[in-house]
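Please read the structure below before turning to the comments.
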Amino acid sequence: MLREIPLRLKEYFEISSGRRQDRRILLLTLYSEGVEGWSECVVGEDPAYSYETTGTAWHMLTEYILPSIVGRDAEAPEDILAPVRWVRGHNMAKASVEMAGWDLAARADGVSLSEKLGGDRDVVPVGVSIGLKATDEELHEQVQGYLDDGYARVKIKIKPGRDIEMLAGLRERFPDAPFMADANSAYSLDDVDRLEELDALDLMMIEQPLSYDDFFDHARLQERISTPVCLDESIKSEGDLALALEMGSCQIVNVKPGRVGGLGVSLRLHDTMRVRGMAVWCGGMLESGVGRAHNVALASLPGFTLPGDISASRRYWERDIVTPEFEVEHGVMRVPTGVGLGVELDLDRIRGLTVREAAFG
Ligand code: OSB
Ligand code: MG
């Protein structure tokens with residue numbers, strides 16, 4: 001069963017390509033032998049971060065993916081996608097099916113999703129991602145609030161015109177805070193002189209400064225700056241990671257299971273980075289509690305050593321659609337220990353909010 005529910009962020013979230021506040025959340029439920037598996041398709045409303053949107057994911061899921069997989073047996077979660085391997089791209093739409101399959105498989109085994117994935121920690125370090133703000137005062141106030149909440153690092157969105165001076169002001173006000181910046185591809189190599197100024201700001205990393213598929217230029221930039229480059233948008237597959245490592249395009253990777261086509265690929269990206277002694281962390285896509293539960297489980301794997309963009313439910317929503325809500329204390333979030341996602345879905349509320357649904361099989 002595929003459903004769409006609107007959920008309004010407490011506050012708008014702005015990145016270099018634009019703003020969003022009203023989320024259109026897609027929830028998927030798979031059923032097999034009396035067991036359910038849940039997931040969230042993490043697409044955005046517009047094709048800014050990825051070409052996928054709520055609309056394209058609904059189309060791909062209802063026209064191609066779900067009709068091809070219903071009624072078929074699968075040995076393991078990733079095998080559920082075997083009938084649609086021929087479909088190019090659309091990783092987020094595909095990943096939602098695979099991820100619901102992982103929850104289902106964990107529940108069938110009577111274990112938590114974290115355990116099913118090979119997680120070995122009961123708490124994970126978490127950070128927060130702050131969107132572009134109109135003024136430095138507003139930004140400083142928010143940063144102070146999140147540091148007071150105990151987040152282990154703060155990510156600041158940047159774009160040309162809201163970058164070095166803004167970050168320098170922040171560094172001056174918070175000399176020791178763990179900061180990083182995310183440009184969502186707002187720069188090109190023409191900006192290299194400006195990007196070199198990042199090195200003086202003691203950032204943990206700069207995330208996706210250049211184009212969403214430009215491994216070559218990221219490698220050239222990394223040669224010029226000492227701040228580690230972290231790739232987000234560029235890494236959509238194991239092949240992309242191999243290329244980035246070969247070329248030296250990054251030192252760190254933000255893993256988002258939706259972006260890479262599922263948890264199976266995410267595990268292998270984790271393994272590849274881990275054997276090289278390179279850090280990964282779990283990114284976020286402004287998820288509801290359902291997507292967040294998947295992210296927390298993934299982040300419990302041993303190679304997820306850096307704080308993820310996995311913030312408390314109340315950082316996003318007046319009220320989440322799961323209970324208990326996700327909370328942050330002293331820089332960490334608890335990994336649910338219950339079976340599957342380990343949180344209860346507020347089904348009455350989800351049904352009440354549903355604006356469209358589609359059932360198969
Ligand atoms: O680039 O990491 C990103 C949100 C939407 C799209 C892209 C990104 C983000 C975030 C928010 O940074 C992370 C979160 O708190 O979910
Ligand atoms: Mg990013």
Side-chain angles (χ1 to χ4, degrees), residues 7 9-26 40-54 57 91-92 95 124-133 142-143 146 149 151-159 179-187 203-214 218 228-236 240 244 250 252-260 280-296 298-299 306-317 320 325-326 328 333:
L7 218 53
L9 291 163
K10 274 179 163 174
E11 188 190 11
Y12 71 84
F13 188 79
E14 184 170 326
I15 68 176
S16 58
S17 56
R19 229 179 232 204
R20 60 174 64 150
Q21 180 155 22
D22 286 296
R23 297 287 342 272
R24 295 170 63 191
I25 306 255
L26 297 183
E40 172 171 348
C41 182
V42 300
V43 280
E45 290 68 34
D46 53 50
Y49 171 83
S50 151
Y51 61 80
E52 292 189 82
T53 66
T54 316
N91 278 355
M92 294 179 187
V124 297
V126 292
V128 64
S129 172
I130 303 186
L132 287 155
K133 295 288 147 204
Q142 290 223 336
V143 167
Y146 288 125
D149 289 344
Y151 284 98
R153 66 103 174 103
V154 179
K155 171 166 126 179
I156 314 288
K157 294 287 182 177
I158 60 168
K159 67 174 183 182
F179 288 133
M180 59 173 288
D182 185 0
N184 290 105
S185 298
Y187 298 89
L203 301 178
M204 297 168 75
M205 69 195 91
I206 169 74
E207 182 175 342
Q208 199 70 37
L210 311 179
S211 188
Y212 62 90
D213 54 2
D214 202 334
H218 275 107
V229 170
C230 169
L231 289 179
D232 174 359
E233 283 92 324
S234 291
I235 307 293
K236 294 170 286 279
D240 286 341
C250 66
I252 299 172
V253 171
N254 162 341
V255 178
K256 294 179 181 173
R259 191 193 68 224
V260 303
V280 296
W281 54 278
C282 184
M285 291 291 287
L286 308 172
E287 290 94 342
S288 77
V290 175
R292 198 161 308 284
H294 280 93
N295 288 344
V296 179
L298 179 64
L306 293 167
D309 276 347
I310 312 176
S311 312
S313 297
R314 67 186 185 90
R315 179 259 176 275
Y316 308 91
W317 319 110
D320 207 334
E325 294 201 346
F326 287 97
V328 173
M333 184 177 281

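Fair warning: this is a prediction, and the values are worked out from it, not measured in the lab. Ligands are counted one by one from 1 in listed order, and the atoms in each one are counted from 1 as well.
- For the pair F13 and ligand 1, the shortest N or O to N or O distance does not fall below 3.5 Å.
- At least one donor-acceptor pair under 3.5 Å links the side chain of S313 to the backbone N or O of F326.
- With a heavy-atom cut-off of 4.0 Å, D232 touches ligand 1 through its side chain alone.
- Looking only at distances, a side-chain donor or acceptor of S16 sits under 3.5 Å from a matching main-chain atom of A183.
- For the atom pair CG (D149) and OG (S311), the distance works out to 9.5 Å, reported to the nearest 0.5 Å.
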Q: Dump the intermediate steps for salt bridge (charged side-chain N to carboxylate O under 4.0 Å, His left out) on D309 and R292, then the final yes or no.
A: CA-CA 10 Å; D309 276 347; R292 198 161 308 284; over 6 Å; no
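- Using a non-hydrogen distance threshold of 4.0 Å, Q208 does not register as a contact of ligand 1.
- Protein heavy atom at the shortest distance from atom 16 (O) of ligand 1 is L286 N, 2.8 Å.
- Residue S129 has at least one heavy-atom neighbour below 4.0 Å for each of these atoms of ligand 1: 10 (C), 11 (C), 12 (O), 13 (C).
- Of the candidates Q21, R315, K133, E11 forms a side chain to side chain donor-acceptor pair (under 3.5 Å) with just one, namely K133.
- At least one heavy atom of K155 sits less than 4.0 Å from an atom of ligand 1.
- At a 4.0 Å heavy-atom cut-off, ligand 1 does not touch V128 at all.
- The only option from K159, E207, E233 that meets the side chain to side chain donor-acceptor pair (under 3.5 Å) definition with N184 turns out to be E233.
- Counting heavy atoms closer than 4.0 Å to ligand 1, residue R315 contributes nothing at all.
- Looking only at side-chain heavy atoms (C-beta outward), E40 and H294 stay at 4.5 Å or farther from each other.
- Looking at I15 against ligand 1, nothing comes within 4.0 Å, counting heavy atoms.
- With sequence neighbours excluded, the residues satisfying side-chain contact (heavy atoms from CB on, under 4.5 Å) with A312 are Y151, R314, V328.
- Residues that satisfy the side-chain contact (heavy atoms from CB on, under 4.5 Å) test with E45, not counting sequence neighbours, are R20, R23, R24, T54.
- Ligand 1 has no N or O atom lying under 3.5 Å from any N or O atom of R20, backbone or side chain.
- Geometrically, ligand 1 and K157 share a nitrogen or oxygen pair separated by less than 3.5 Å.
- Within the protein, the N, O or S atoms sitting under 2.8 Å from the Mg ion (ligand 2) are D182 OD2, E207 OE2, D232 OD2.
- Of all atoms in ligand 1, listed by their number and element, those nearer than 4.0 Å to a heavy atom of E207 are 2 (O).
- By the ring pair (Phe, Tyr, Trp, His ring centres under 6.0 Å) test, Y12 pairs with no residue at all, sequence neighbours left out.
- Heavy-atom contacts of N184 reach the following atoms of ligand 1: 1 (O), 3 (C) (cutoff under 4.0 Å).
- At least one donor-acceptor pair closer than 3.5 Å links the side chain of N91 to the backbone N or O of R259.
- Nearest protein heavy-atom neighbour of atom 14 (C) of ligand 1: Y316 OH, 3.4 Å.
- Closest protein heavy atom to atom 13 (C) of ligand 1: G284 O, 3.5 Å.
- The backbone N or O of E325 sits nowhere less than 3.5 Å from a side-chain atom of D320 that would complete a donor-acceptor pair.
- Residues S234 and D240 form no side-chain contact, since every pair of their non-hydrogen atoms from C-beta on lies 4.5 Å or further apart.
- Checked by atom type and distance alone, the side chain of R153 pairs as donor or acceptor with a backbone atom of V128 at under 3.5 Å.
- Here atom 2 (O) of ligand 1 lies nearest to K256 when heavy atoms of K256, M285, R292 are compared.
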